[in-house]
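A short worksheet on the structure shown next.
Given the structure is predicted, the values throughout are model-derived calculations rather than measurements. Residues take their numbers from the sequence shown, with the count starting at 1.
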Amino acid sequence: MVSHRARNMPSLHLTLFSALCLSSLLAVSTAYELDCTKVKHSGATDESCNLECNVNSLEQIPPANRSIVTDGQLCPSSRCLCTIITNGDPFRAPVAHGSTRCFTFRAMDKEQYLAVNVTTVDPTAKVKTYLRTGTGSEGKLRLPTSHNHDYKMTAEPSEPTSVFRLDRAIWRKKMGRKDEGEWTGPWGMCIVAGGEHSHSETVMVEAFVELAVCPMGPSYRECGGRGECVIGHRPCPAPLEDHECRADVCACLPGLNPPDCTTGTLLAPYDHTHP
């Protein structure tokens with residue numbers, strides 16, 4: 001005759017085994033906490049950043065646990081901090097409706113002009129872009145929010161493209177009036193997607209950032225895209241009037257005029273429309 005206790009032993013062992021397995025899985029998922037703001041990528045496109053987001057997320061997970069990690073335990077692309085290449089090349093980024101996507105880009109000391117362009121592809125969406133300046137040699141990124149930012153841009157159905165331009169000389173005159181960080185170093189840029197009449201779960205935005213040493217034209221390209229930025233000289237301010245100071249200037253194509261090569265008439269054979 002088998003006792004009641006003996007008949008329940010296998011069930012008890014199975015229950016204990018299941019509990020141990022469950023606790024082990026829970027330990028795997030809670031033993032580490034991903035810092036998604038550290039998942040960065042220096043690629044030129046948002047798509048490449050998203051592809052590497054999961055790979056970089058895995059680097060924060062102990063090697064012994066990587067084989068059993070699911071996609072849901074990794075940093076979502078919406079929280080990956082992608083790095084924008086500041087050469088004016090446009091990129092597309094999906095932003096979930098009602099959420100925020102943040103990016104970063106770095107301004108160098110020699111760069112004097114900044115242009116940011118954000119366009120909403122969804123004709124019914126409203127997109128707000130917030131910017132915060134860099135932190136110089138400290139190198140600490142300051143991500144902006146709707147309540148704590150230095151600059152704000154808005155794109156909406158009536159005006160789907162928002163443009164922000166900033167010259168360092170103008171910024172320098174105003175910087176003492178409020179805390180705007182530093183010109184150099186990593187800038188933070190966050191895009192918030194919304195709109196009362198938008199029915200899309202994801203809002204697609206197209207954006208580019210251009211940082212330039214020489215003046216930009218209306219096309220937001222250094223030297224208007226029709227010249228070359230070269231080292232020049234100018235008279236120094238008082239009391240050094242007898243000296244020459246370095247000044248980066250645009251060497252424009254024949255027929256075009258400084259400072260940004262956007263005025264004048266381009267001469268043949270450079271004018272391809274000329275007969």
Any sub-3.5 Å donor-acceptor pair from [X]'s side-chain atoms to [Y]'s backbone N or O?
X: Thr202; Y: Ala96; result: no
X: Arg168; Y: Asp109; result: yes
X: Asn87; Y: Asp89; result: yes
X: Ser162; Y: Val118; result: yes

Interatomic spacing from [atom1] in [X] to [atom2] in [Y] - rounded to 0.5 Å:
X: Met153; Y: Leu131; atom1: CE; atom2: CG; answer: 6.5 Å
X: Leu114; Y: Asp167; atom1: CG; atom2: CG; answer: 9.0 Å
X: Leu267; Y: Leu253; atom1: CG; atom2: CG; answer: 9.5 Å
X: Arg132; Y: Asn148; atom1: CZ; atom2: CG; answer: 4.0 Å
X: Glu156; Y: Lys128; atom1: CD; atom2: NZ; answer: 9.0 Å
X: Gln112; Y: Asp248; atom1: CD; atom2: CG; answer: 7.5 Å

**OP:** Establish, from distance only, whether the side-chain atoms of Asp122 and Thr124 form a donor-acceptor pair under 3.5 Å.
**Re:** yes
**OP:** Output all residues satisfying side chain to side chain donor-acceptor pair (under 3.5 Å) with Thr154, sequence neighbours left out; order by chain, then residue number.
**Re:** none
Original post:
Shorter than 2.5 angstrom, is that how the SG atoms of Cys250 and Cys223 come out?
Top reply: yes
Identify whether [X] and [Y] are in the same connected component of the hydrophobic contact network (ILVMFWY, side-chain heavy atoms under 4.5 Å).
X: Leu166; Y: Phe105; value: yes
X: Val127; Y: Val95; value: yes
X: Trp187; Y: Ile191; value: yes

Original post:
Hey, which of Phe164, Tyr151, Trp183 is the one that makes ring-ring contact (aromatic ring centres under 6.0 Å, His included) with Trp171?
Top reply: Trp183
Identify the heavy atoms of [X] and [Y] that sit nearest to each other, and give their distance.
X: Pro123; Y: Pro157; answer: O-CB, 3.2 Å
X: Thr120; Y: Ala125; answer: OG1-CB, 3.8 Å
X: His97; Y: Gly194; answer: NE2-C, 3.6 Å

Subject >> Any side-chain heavy-atom pair of Met189 and Thr129 under 4.5 Å >> reply: yes
**OP:** Could you tell me whether the side chain of Cys190 reaches within less than 4.5 Å of the side chain of His149, counting heavy atoms only?
**Re:** no
List the atom pairs, with distances to 0.1 Å, where a side-chain N or O of residues 203-217 and a protein N or O form a donor-acceptor pair under 3.5 Å, not counting sequence neighbours.
from   : atom 1 : to     : atom 2 : distance (Å)
Glu206 : OE1    : Arg92  : NE     : 3.3
Glu210 : OE1    : Gly88  : N      : 3.1
Glu210 : OE2    : Glu222 : N      : 3.4

